**Student:** 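Input: one structure, supplied below.
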Amino acid sequence: MELGFYLLQLLTGLAYASTLFLLAVGLSLIFGAMGIVNFAHGSFYMLGAYLLYAFAQGQAQGFWQGLLLVGAAGVVIGALVERLFIRPIYRRPEEYQILLTYALLLILEDLVRFAFGAAYRSFPMPPAFANPLFVLGTPFPSYYLFLVGLAALVAFLLWAFLQRTRLGVWVRAATQDREMLEALGVNVPLLYTTVFAGGIALAALGGAALLPLQAATPGMAVDAVIQAFIVVVIGGLGSVWGALLGAVLIGLLQAFGILLLPEMAMVFPFALMALVLLLRPWGLLGRPPAVRT
Amino acid sequence: MKVLRWVGVLALVVGLAWAQGQQPIKIGALFILSGNFAGYGKSGSQGAQLAVDEINARGGVLGRPLQLIVVDDQGNPEVGVREARRLILQEKVDFLFGVDSSSVSLAVAPLTDEYKIPLVVTHAATPTLTEQCRPYVFRTSNNARMDAWAAAALAATLPVKRWANIGPDYEFGRVSWQDFITRLKQLRPDVEVVSEQWPRFGSTDYASFITALMRARPEGVFSTLWAGDMVIFARQAKAFGFFNQVRYFVNPVGAALEVLGPLGKEAPEGLLVSARYWFLYPNTERNRAFVEAYRKRYNEYPSYNAQEAYAGMHMLALAIQKARSTQAEAVRRAFEADGGLTYDAPEGRKRLRPEDHQVFEGLVWGYTKHTPEYPFAILDRMRIIPATDTVYPTQCKR
């Protein structure tokens with residue numbers, strides 16, 4: 001009974017970690033490769049949730065098809081946003097990025113409110129996940145296991161992409177030395193568009209994948225981006241593995257922390273972040289800022 | 001010719017006086033119109049506007065029309081104070097109105113003393129607001145303590161002893177649970193608390209909290225999760241079989257249409273919930289007419305926040321009428337006179353307690369149930385808690 005309960009709590013912690021990872025990984029990828037602090041990341045996450053709702057017309061049967069369409073729409077929207085808004089400010093000081101992406105966040109929130117209204121939108125559970133699985137006699141929603149699998153798949157594919165493909169090598173090289181990469185004949189602007197589109201598609205997919213367990217609202221963007229920043233600050237801004245580690249740490253800390261100190265649930269992520277900032281300001285798997293010569 | 005000149009002067013004087021009389025009475029309303037709680041602010045401002053239009057259609061108050069100016073306070077105390085100050089100094093409003101968030105209401109309240117501008121609160125529910133005994137602050141909706149006491153009165157009649165809590169981790173959630181469990185222990189000394197869970201306000205993942213709660217095997221669970229928190233929690237808890245294990249789930253703000261609407265047919269049945277106003281109760285001419293007028297105008301059912309803002313606006317108009325003035329002191333006396341202003345709202349009789357300016361009213365509870373007539377769950381087996389069961393003592397004196 002007790003062992004079964006701890007296993008259950010481990011699973012709920014991992015499920016929460018998966019949602020955080022899907023939310024944060026695109027943010028970290030974009031910063032790592034492009035140096036862009038994308039405050040609008042949560043907005044694309046929100047957009048993914050609303051687009052799934054629209055594509056599937058609120059019907060559970062349209063879930064899988066809707067998910068594919070959201071991924072495709074994310075790539076297109078990401079590429080367009082990069083070309084139209086982000087590209088003109090690469091060489092400007094960082095304040096411009098923050099102002100621009102924050103403005104995007106406000107604009108997208110109002111656009112969504114205009115299109116879908118202010119009320120919460122919930123999406124029914126896809127038929128494949130209608131029945132719970134039983135973990136040592138306790139019902140456990142099968143959709144959480146799907147999320148854990150999805151997060152693991154995204155992590156694996158990103159690893160394979162970054163380590164095993166030529167494009168991945170360029171992305172990693174871009175984090176080191178953009179000028180050298182350009183001198184070697186790589187089309188860096190195109191590379192940036194690709195990375196940004198991929199990061200946005202990940203955010204949109206995350207929002208869509210979490211919709212059956214949550215609810216869409218125009219205000220979810222701000223909350224999402226704050227959570228994503230907590231995760232990547234703990235893990236190391238720019239590191240995909242850091243995002244994974246940060247998400248797992250927060251998920252498990254919450255799941256087991258509330259058993260010991262139920263009063264403190266809200267404090268755990270912030271306490272962890274404060275601790276990491278004190279001991280390793282660049283995050284657990286981040287790199288300390290190099291001294292430019 | 002001399003006569004004509006005098007007629008001209010007279011016409012001018014009368015005209016000026018008439019124009020003066022036609023100056024609108026300006027009411028500045030603060031509601032949350034952006035972010036996660038925009039749905040509540042929207043229904044509040046709609047209810048207020050409906051009342052203003054009704055009042056103006058019958059000739060306004062003191063022969064002057066009402067003018068409603070709605071601004072977005074974002075649920076943020078700093079923004080609320082800034083906007084309230086702007087309404088007073090630039091828009092020259094005569095009254096402040098509305099306010100969804102408790103923290104905004106507490107931040108704005110001191111302005112009523114500073115500028116002698118009365119504030120009529122129709123949503124923010126922290127008991128502290130009226131316990132500050134400010135002369136120009138009035139609350140025409142019930143507050144969280146009354147909700148908690150009503151919940152305790154109901155819980156005391158239920159055949160269960162093991163209670164637990166899951167509430168948002170901020171003042172509203174904490175104070176409501178304290179009020180509820182303290183009152184319940186007075187009424188039923190044999191109850192025990194087996195678990196308390198405090199997820200962050202605005203959480204999107206409740207899985208760990210749900211399994212931790214279920215492990216404690218409570219028979220009754222009290223909750224003040226509201227808005228999207230309740231929508232998300234209910235869906236996730238249902239997937240865990242939570243509502244099959246827990247016999248009574250009691251939530252004083254769970255019957256808000258902003259919760260039951262988005263949950264649709266997915267809402268669990270048998271939750272014991274309330275919402276300060278439920279559009280199907282009471283089955284009176286007055287309430288049916290209000291629901292119909294609201295639906296005709298906005299194409300949706302009135303949520304509790306809509307009805308509370310509607311009733312609050314009518315109470316303010318009554319007070320101005322009775323005071324024959326818009327001056328703060330005269331309006332205060334009108335609210336307090338004759339044992340407190342009363343108003344027959346769609347939901348029933350509201351009476352303002354003169355000492356603390358808090359309105360008391362009967363509260364409707366019920367168990368969620370799905371019917372073919374509505375796309376969302378409605379209240380079944382309704383339980384009416386009379387106003388007298390929620391009258392807590394006040395420190396204020398007049």
Side-chain angles (χ1 to χ4, degrees), chain A residues 1-2 5 8-9 11-13 15-17 19-20 23 58 106 109-110 113 117-125 129-130 132 138-144 210 212-224 226-227 251-252 254-259 262-269, chain B residues 32-43 74-75 165-166 168-170 174 195-216 227-232 234-242 244-245 257-259 261-267 300:
Chain A
M1 166 63 207
E2 275 305 276
F5 173 74
L8 195 68
Q9 211 63 2
L11 275 177
T12 62
Y16 182 40
T19 69
L20 289 175
L23 179 55
L106 296 177
E109 181 183 326
D110 273 349
R113 193 197 326 281
Y120 286 84
R121 299 274 174 152
S122 66
F123 188 85
M125 192 55 74
F129 305 103
T138 311
F140 190 83
S142 44
Y143 197 81
Y144 279 111
L210 296 183
L213 281 175
Q214 301 184 356
T217 164
M220 71 197 276
V222 178
D223 192 65
I226 291 172
Q227 289 201 59
L252 294 184
Q254 172 169 301
F256 290 102
I258 60 171
L259 300 179
E263 293 279 300
M264 307 287 281
M266 199 169 122
V267 181
F268 295 136
Chain B
I32 303 179
L33 299 176
S34 57
N36 281 342
F37 309 102
Y40 286 84
K42 177 170 162 260
S43 44
Q74 301 172 20
N165 172 68
I166 178 160
D169 196 358
Y170 73 110
R174 296 264 177 182
S195 178
E196 286 180 35
Q197 297 299 331
W198 298 104
R200 178 178 61 87
F201 181 44
S203 283
T204 47
D205 193 294
Y206 293 90
S208 312
F209 299 99
I210 292 163
T211 46
L213 260 184
M214 288 173 78
R215 181 197 191 204
D229 287 17
M230 181 59 195
V231 175
I232 295 168
R235 304 178 74 214
Q236 296 180 356
K238 193 182 172 188
F240 275 96
F242 176 84
N244 301 331
Q245 184 195 305
L257 288 182
E258 288 86 348
V259 171
L263 276 174
K265 290 292 180 194
E266 282 188 278
E300 62 191 36

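Since the model is a prediction, treat every value here as computed from it, not as a measurement. Labels below follow one simple rule: chain letters A, B, ... track the order of the sequence lines, proteins then strands, and each chain is numbered from 1.
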**Student:** Using 0.5 Å steps for rounding, measure from the CD1 atom of Ile258(A) to the CD atom of Glu196(B).
**Tutor:**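 Those atoms lie 13.0 Å apart.
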**Student:** With a 4.5 angstrom heavy-atom cut-off, could you sort out which part of Leu33(B) is near chain A: side chain, backbone, both or neither?
**Tutor:**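 Backbone only.
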**Student:** Could you check which of Ser122(A), Ala265(A), Pro139(A), Pro262(A) has the highest count of heavy-atom pairs closer than 4.5 Å to chain B?
**Tutor:**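 Most heavy-atom pairs under 4.5 Å with chain B: Ser122(A).
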**Student:** Using the six-membered ring wherever Trp is involved, compare the ring planes of Phe140(A) and Phe240(B) and label them parallel, tilted or perpendicular (cut-offs 30° and 60°).
**Tutor:**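 Phe140(A) and Phe240(B): perpendicular rings.
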**Student:** Tell me every residue that passes ring pair (Phe, Tyr, Trp, His ring centres under 6.0 Å) with Phe37(B), counting only those two or more places apart in sequence or in another chain.
**Tutor:**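 Listed in chain order: Phe201(B), Trp226(B).
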**Student:** Hey, what do you get for OG1 (Thr204(B)) to CG (Leu23(A)), rounding to the nearest 0.5 Å?
**Tutor:**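 Those atoms lie 8.0 Å apart.
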**Student:** Shorter than 4.5 Å, heavy atoms on both sides: which option in Pro218(A), Ala130(A), Ser142(A), Pro124(A) has the most such pairs with chain B?
**Tutor:**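 Heavy-atom pairs under 4.5 Å are most numerous for Pro124(A).
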**Student:** So, using side chain to side chain donor-acceptor pair (under 3.5 Å) as the criterion, who are the partners of Arg200(B) when residues are at least two apart?
**Tutor:**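 Here the qualifying residues are Asp223(A).
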**Student:** Contact part of Thr19(A) toward chain B, heavy-atom cut-off under 4.5 Å: side chain, backbone, both or neither?
**Tutor:**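 Just the side chain, heavy atoms under 4.5 Å.
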**Student:** Among Gly39(B), Gly241(B), Gly228(B), which residue has the highest count of heavy-atom pairs closer than 4.5 Å to chain A?
**Tutor:**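 Sorted descending by pairs with chain A, the first entry is Gly228(B).
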**Student:** Over all heavy atoms of both residues, which pair between Ala239(B) and Pro132(A) is shortest? Give the atoms and the distance, please.
**Tutor:**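 What the structure gives for the nearest pair is O-CB, 4.2 Å.
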**Student:** Quick check for you: to the nearest 0.5 Å, what is the distance between Asp205(B) atom CG and Thr12(A) atom OG1?
**Tutor:**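 Going from the CG atom of Asp205(B) to the OG1 atom of Thr12(A) covers 8.0 Å.
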**Student:** Between the main-chain N or O of Pro212(A) and the side-chain N or O of Arg235(B), is there a donor-acceptor pair closer than 3.5 Å?
**Tutor:**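 Checked: pair present.
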**Student:** Quick one: pull up OG in Ser34(B) and CG in Asp110(A) and give me the separation to the nearest 0.5 Å.
**Tutor:**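 Ser34(B) OG to Asp110(A) CG: 7.5 Å, rounded to 0.5 Å.
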**Student:** For the residue pair Thr211(B) and Phe5(A), what are the closest heavy atoms and their distance?
**Tutor:**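 The answer is O-CE1, 3.5 Å.
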**Student:** Check each atom of Leu259(A) against the heavy atoms of chain B and say whether the ones under 4.5 Å are side chain, backbone, both or neither.
**Tutor:**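 Side chain of Leu259(A) only, per the 4.5 Å heavy-atom cut-off to chain B.
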**Student:** At their closest point, which heavy atom of Asp169(B) faces which heavy atom of Glu263(A), and how far apart are they?
**Tutor:**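 Taking Asp169(B) first and Glu263(A) second, the nearest heavy atoms are OD2-O, 4.0 Å.
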**Student:** Might you point out which heavy atoms bring Ser208(B) and Gly13(A) nearest each other, and give the distance in Å?
**Tutor:**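 Here Ser208(B) and Gly13(A) meet closest at OG-N, 4.2 Å.
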**Student:** Please flag which part of Phe209(B) lies under 4.5 Å from any non-hydrogen atom of chain A: side chain, backbone, both or neither.
**Tutor:**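 Phe209(B) touches chain A through backbone and side-chain heavy atoms alike.
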**Student:** With a 4.5 angstrom heavy-atom cut-off, is it the side chain or the backbone of Pro269(A) that approaches chain B, or both, or neither?
**Tutor:**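 When you check distances to chain B, no heavy atom of Pro269(A) falls under 4.5 Å.
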**Student:** If every non-hydrogen atom of Glu109(A) is compared with every non-hydrogen atom of Gly35(B), which pair is closest and at what distance?
**Tutor:**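 Minimum heavy-atom separation between Glu109(A) and Gly35(B): OE2-N, 3.1 Å.
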**Student:** Report yes or no: does Gln214(A) contribute a side-chain atom to a donor-acceptor pair with the main-chain N or O of Ile232(B) at less than 3.5 Å?
**Tutor:**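 No; judged by distance alone, with no hydrogens or angles, the pair does not exist.
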**Student:** Against chain B, label Tyr143(A) side chain, backbone, both or neither, depending on which of its atoms sit under 4.5 Å from a heavy atom there.
**Tutor:**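 No part of Tyr143(A) comes within 4.5 Å of chain B.
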**Student:** Enter the distance from Ser203(B):OG to Met266(A):CE here, rounded to the nearest 0.5 Å.
**Tutor:**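 Between atom OG of Ser203(B) and atom CE of Met266(A) there are 9.0 Å.
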